[in-house]
Novice: 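My structure is below; once you've seen it, I'll send some questions.
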Amino acid sequence: MTSYVFITGGVVSSLGKGITSACLGAILEARGLTISMIKLDPYINVDPGTMSPFQHGEVFVTHDGTETDLDLGHYERFVRTTTTGRNSNFTTGRIYESVIAKERRGDYLGATVQVIPHITDEIKESVARGAGDADICLVEIGGTVGDIESLPFLEAIRQMSVDLGHDRVVYVHLTLVPYISTASEIKTKPTQHSVKELRSIGIQPDILVCRSELPLPEEQRRKIALFTNVKPDAVISAYDADDLYKIPEMMHSQGFDDIVAKQLNLDLPPADLSVWDSIVEAKKNPSGEVNVAMVGKYVDLRDAYISLSEALLHGGIHTRTRVNIHYIEAQDIEDNGVDCLADMDGIVVPGGFGDRGIQGKIEAVRYARESGTPYLGICLGMQVAVIEAARNLAGLEGAMSTEFNRETPHPVVALITEWQDAKTGSVEQRTEASNLGGTMRLGAQEITLKEGSLAATSYGSTTISERHRHRYEVNNNYRDRLTEAGLVFSGLSVDDLVEMVEIPDHPWFVASQFHPEFTSNPRDGHPLFKGFIEAARRHREGALPKVKEA
Ligand code: GLN
């Protein structure tokens, strides 16, 4: 029988509800429980796939190929359970879509379809389905208490404690406790108000997690408890941590998981958090450091590349390397050249859509290739590596992806339907077919790696599975010409699409059509990121042979 922990947020957004949920999941897992995790998102989009990263940060792709909220990435980095888009992320749009479909089918037998009970029932059913048979399901409710959009979700989770009994439900509320420096005072009032708001809709939180800059003094803890009807030891102080992976221990040491276990009448073995201690220790005591340039488009918004940035740091944890990530706007390289890359020990071009900065990305690849700087290209980063090789190694002038230039004489990257039947890749043959194409390749698929390639050596296997999120593919009609020019197609999908490329005549140049960052976690690291960071270290320490001058 599954019990539920609901995590709501108050005062302001961006307090780290996703991380709090993920850390609680990690601690409970370390106490021998099976965990499932769900994110409820109050916005009306059916999924975040169509939302700009500027709006919403990264789109996290689950194993089953669903475009979901970036919090699911936090969950997968902290807990062992793999989330599925189908069962781990529900938006208002998705809930309504399903209710409306049922109404059209006549499932409601003539009833007037209303928010309560039909929408709330749908939410409860979705949560129960998503919980599966885990011991505890952690359910994070997006948005902030008081938002109009969140109301049906809050009403549904309120009902769940009535339906299931309060010994199977825990309410955790995350709030902000600001420090007003001019008055040298810590303010508890926003927390009091936020809890009041929550109680006005019938939810009395059992645990408060208070975000603040510094640990919460005892006096404020007692004051918050008194005003919010929460026990003082259930007021957890989540003060700013210099390392994300310190948070499980920070929360555990204040008894967060004990309070949950007590309320749910669970008799659990003690938590073994040693894995998190060793991760923190590895980050704190590196044996070297590297500078890595991330040449992208959404560089001002760190959330847009959160899984990738984390994966690079995981590469650092597993090689005892401090990884300094320098976010570089591709457009700047286009405007001012590649000088900003001169001190870098590694260059990453991440995934992306749209043509802004594309030339800058191609220039970054060229610099990496010619200077012998380790290069890791991801999705669009692989496509630009192929374009660069086509132009500058194979002499295919004007080579481009049809995403950015439909008239290119050499569509080395294009929609499958644009090149599949075209032997020459000519524009005429492609145009009609291209109207048919355009569906996204999403989720985990099997990939075969070329024996002896850097990819196969890094993974230690010739069969791997990684997640995808893209539309355009390397045009197979150009493979021979690109191979002659020195590019190795080291990974192929079961249906013969290019998954990985590398350049053997280079210290470390690997790019993938898939997104390895979605399967990286701090405990295990990831072979590609580990290999890349090791190569960056060798580069920095001068051990890498520079490639020959072209
Ligand atoms: N825009 C490219 C495509 O659709 C790359 C996508 C990505 O990098 N995720 O194929």
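Remember, it's 1-based here, ligands and their atoms both numbered in the order they're listed.
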Novice: Please check whether H470 reaches ligand 1 - meaning an N/O of the residue sits under 3.5 Å from an N/O of the ligand, judged on distance alone.
Specialist: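 The answer is no, given that H470 and ligand 1 share no N or O pair closer than 3.5 Å.
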Novice: For ligand 1, which atoms, with element, lie under 4.0 Å from some heavy atom of R471?
Specialist: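 Selected atoms, number and element: 3 (C), 4 (O), 10 (O).
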Novice: Angle between ring planes, H314 versus Y245, binned at 30° and 60°: parallel, tilted or perpendicular?
Specialist: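 If you compare the ring of H314 with that of Y245, the planes turn out tilted.
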Novice: If you define the side chain from C-beta out and look only at heavy atoms, does anything of F529 sit under 4.5 Å from L376?
Specialist: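 The answer is yes, as the side chains (C-beta and beyond) meet within the 4.5 Å cut-off.
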Novice: Tell me, which protein residue and heavy-atom name are nearest atom 7 (C) of ligand 1, and how many Å apart are they?
Specialist: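 The protein heavy atom lying closest is C379 SG, 3.0 Å.
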Novice: Side chains of E76 and T83: do they bring a donor and an acceptor to under 3.5 Å?
Specialist: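 Looking only at side-chain atoms, T83 and E76 do form a donor-acceptor pair, the distance falling under 3.5 Å.
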Novice: In ligand 1, which numbered atoms sit nearer than 4.0 Å to a non-hydrogen atom of R469?
Specialist: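 Near R469, meaning under 4.0 Å from one of its heavy atoms, ligand 1 has 6 (C), 7 (C), 9 (N).
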Novice: Closest non-hydrogen protein atom to atom 5 (C) of ligand 1, residue and atom name please, with distance?
Specialist: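 Nearest protein contact, heavy atoms only, for atom 5 (C) of ligand 1 is G352 O, 3.3 Å.
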Novice: Counting from 1, what ligand 1 atoms have a heavy atom of H515 closer than 4.0 Å?
Specialist: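 This gives 9 (N) as the contact atoms.
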Novice: Are H468 and E499 linked by a side-chain donor-acceptor pair shorter than 3.5 Å?
Specialist: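 Yes, E499 and H468 have a side-chain donor paired with an acceptor closer than 3.5 Å.
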Novice: Could you establish whether M440 and ligand 1 come within less than 4.0 Å of each other, counting only heavy atoms on the residue side?
Specialist: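 Per 4.0 Å heavy-atom rule, M440 does not contact ligand 1.
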Novice: Classify the side-chain pair Q445/S493 by whether it contains a donor and acceptor separated by less than 3.5 Å.
Specialist: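 Looking only at side-chain atoms, S493 and Q445 do not form any donor-acceptor pair under 3.5 Å.
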Novice: To the nearest 0.1 Å, how far is atom 10 (O) of ligand 1 from its closest protein heavy atom, and which atom is that?
Specialist: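 Protein heavy atom at minimum distance: Y472 N, 2.8 Å.
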Novice: With distance as the sole test, does K17 use its side chain to make a donor-acceptor pair with the main-chain N or O of I141 at under 3.5 Å?
Specialist: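 Answer holds: yes.
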Novice: Should you measure from each heavy atom of E403, which atoms of ligand 1 turn up under 4.0 Å away?
Specialist: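 Close to E403: 1 (N), 2 (C), 3 (C).
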